[in-house]
Amino acid sequence: MKRTKINKLLKSEGPIDDILIKGWIRTRRDSKTFSFIEMNDGSCLANIQVIADDKLPNYEDIRKINTGSSVSVRGKLVPSQGKGQKWEVQAEEFEIIQAAPEDYPLQKKRHSDEFLRTIAHLRPRTNKYGAAFRIRSDISYAIHRFFRENGFRYVHTPILTGSDCEGAGEMFKVTTLSAGRNDIQNDFFGKEAKLTVSGQLEAELLALALGDVYTFGPTFRAENSNTRRHAAEFWMVEPEMAFCDIEDNMDLAEKIIKYVIEYVFAECNQDLELFCRFVDKGLKSRLESIAGSDFIRLPYNEAVNIMKKSNEKFEFPASYGSDLQTEHERFLTEKYFKKPVIVFDYPKEIKPFYMRLNDDEKTVAAMDVLVPQIGEIIGGSQREERYAFLKSRMIESGLSLDDYWWYLESRKYGSAPHSGFGLGFERLIMLITGITNIRDVIPFPRTPKNIEF
RNA sequence: UCCCCGGUAGCUCAAUCGGCAGAGCGGGUGGCUGUUAACCACUAGGUUGUAGGUUCGAGUCCUACCCGGGGAGCCA
């Protein structure tokens with residue numbers, strides 16, 4: 001007999017005579033001649049209540065099973081006599097697949113996030129982390145659906161790269177040489193290899209052939225960042241669009257965030273409800289406001305002006321030419337506008353070489369999407385499509401033209417205006433769930449000094 | 001990498017001025033009840049992060065290190 005998943009059973013229109021369910025025990029409550037058993041199979045947040053009575057041949061063993069045990073139950077789906085659930089399962093066969101011993105680390109009460117991180121192999125079995133990883137899957141699907149509906153093609157950019165610097169910080173080296181050897185010519189690739197920090201450059205090349213494309217994959221940063229918003233391995237969504245300027249780019253950035261929020265409202269109600277109730281009381285109204293209002297679009301200079309004119313006491317006062325501090329971002333999104341803000345046209349000195357130089361020759365067509373609580377969730381730009389400008393910016397930035405000959409060549413043969421951005425996938429999940437630490441939205445986080453599991 | 005805070009039972013936390021290491025949850029045993037993170041009783045459970053130091057006496061004070069959290073920088 002084929003098993004039925006609990007999310008289907010709970011939506012049943014009527015009783016069912018014979019069903020098979022498999023899952024894990026969340027809690028057991030004994031009565032004199034029978035037990036209530038809450039079972040969860042991960043298909044949804046909710047448990048199903050199983051009634052196991054003393055007519056079962058192995059009832060003595062059932063009365064001893066603990067939280068965490070895996071079981072298989074055959075029986076009838078019947079209306080529940082108790083309050084709190086519509087349906088329950090009257091067990092007719094109850095197989096204990098494996099009984100969890102009494103040292104199972106998860107109790108029925110709430111655990112701290114810090115403790116659960118030390119048992120990352122078991123935390124998906126909790127309500128909160130089960131919901132987080134289900135919603136991560138659903139958001140992932142929503143992103144693919146969004147791009148498909150908007151005529152984008154999904155492209156796979158390399159994870160191993162020979163480019164030395166893509167403008168985004170320290171990289172992990174990849175080698176097959178034993179420690180201490182540095183005869184790179186004998187290494188696997190015959191030259192230095194790294195883990196990618198971004199698929200952008202390669203995505204640009206595909207955009208200049210397929211039109212609108214996106215990548216969605218893992219990226220790696222070897223920065224010694226110890227914050228709740230940074231991980232050494234994280235997933236990034238990177239669209240790249242041909243014949244597209246920075247305005248279109250901002251439109252798309254705003255559109256995708258709203259789309260995903262609306263998708264989650266429509267499809268992930270149960271899990272979202274958990275986050276609204278237990279993780280962040282202000283979550284629902286914040287998400288509604290993000291989905292329902294226009295994002296502010298603010299040139300960098302005006303952003304600095306706003307901060308200069310405000311009475312806010314900043315630790316580092318805003319000044320033209322230096323990047324916005326975290327406190328500035330928070331001020332703009334949480335106090336001044338109280339909604340997402342897209343800051344654009346940054347000074348060229350603080351942005352990477354590939355961003356398109358504006359006519360003022362001082363700023364570049366960069367744009368960052370800042371959201372309340374998280375800060376920067378998207379960074380993007382119109383790309384420099386003019387060969388001469390790109391070349392001189394690369395020289396200015398101290399890059400080796402030889403390493404990027406292929407990138408430069410895309411500006412030699414039928415170059416075209418194009419734009420794109422990087423959306424931090426984990427930061428998007430944080431925004432949508434209200435979870436405040438990036439280590440809790442990725443099942444097995446990699447951060448400095450942490451690569452267990 | 002820098003600044004701040006913390007580390008006590010499996011988990012979450014108490015422990016007054018430096019003076020007998022405790023509670024709830026979880027576990028075990030028994031009871032009770034169509035129960036709802038059930039309830040009641042009993043019970044086991046400790047190298048107080050590690051190494052040194054001060055002291056008659058250290059969970060508590062000092063030093064170093066390790067680990068965790070928050071903030072900053074880097075960014076997504």
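All chains are named by letter (A, B, ...) in the order of the sequence lines, taking the proteins before the strands, and each is independently numbered beginning at 1.
- With a cut-off of 3.5 Å on both pairing distances, the Watson-Crick or G-U wobble partner of rC61(B) is rG53(B).
- Ring centroids of Phe425(A) and Phe216(A) are separated by less than 6.0 Å, placing the two rings close together.
- In this structure, Asn437(A) atom CG and rG69(B) atom C1' are separated by 9 Å, rounded to whole Å.
- Annotation: rC11(B) and rG49(B) have their P atoms spaced 13 Å apart (nearest Å).
- Per the geometry, CZ belonging to Arg29(A) stands 10 Å off P belonging to rU35(B), to the nearest Å.
- The CD atom of Gln325(A) sits 5 Å away from the P atom of rG73(B) (whole-angstrom rounding).
- A donor-acceptor contact closer than 3.5 angstrom is absent between the side chains of Asn437(A) and Asp113(A).
- Under the Watson-Crick and G-U wobble criteria, each requiring two contacts below 3.5 Å, nucleotide rA41(B) is paired to rU29(B).
- Residue side chain Ser225(A) does not reach the base of rC75(B) through any donor-acceptor N/O pair under 3.5 Å, judged by distance alone.
- Annotation: proximity of residues 422-429 of chain A to RNA chain B (heavy atom, distance under 4.0 Å) is found for Gly422(A), Gly424(A), Arg427(A), numbered in ascending order.
- Remark: ring of Phe36(A) does not overlap the six-membered base ring of rG34(B) in a stacked fashion, as centroids less than 5.5 Å apart with planes less than 30° apart are not both met.
- Nucleotides rU16(B) and rG26(B) have their C1' atoms positioned 30 Å apart, rounded to a whole Å.
- For Glu38(A), whose side chain is taken as the heavy atoms from C-beta onward, the closest listed nucleotide among rG71(B), rU33(B), rU36(B) is rU36(B).
- If you check rU1(B) for Watson-Crick or wobble pairing at under 3.5 angstrom, you find it paired to rA72(B).
- OP1 or OP2 of rG68(B) has not a single side-chain nitrogen or oxygen of Arg439(A) nearer than 4.0 Å.
- Both distances falling under 3.5 Å, in either a Watson-Crick or a G-U wobble arrangement, occur for no nucleotide opposite rA9(B).
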Reading nucleotides 7-12 of chain B from the 5' end, what letters show protein touch, with B for base, S for backbone sugar-phosphate only, - for no heavy atom under 4.0 Å? ---BBS
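- When the side-chain nitrogen and oxygen atoms of Thr326(A) are compared with OP1 and OP2 of rG73(B), one or more of them lie within a distance under 4.0 Å.
- For Asn66(A), a side-chain nitrogen or oxygen approaches OP1 or OP2 of rG28(B) to under 4.0 Å.
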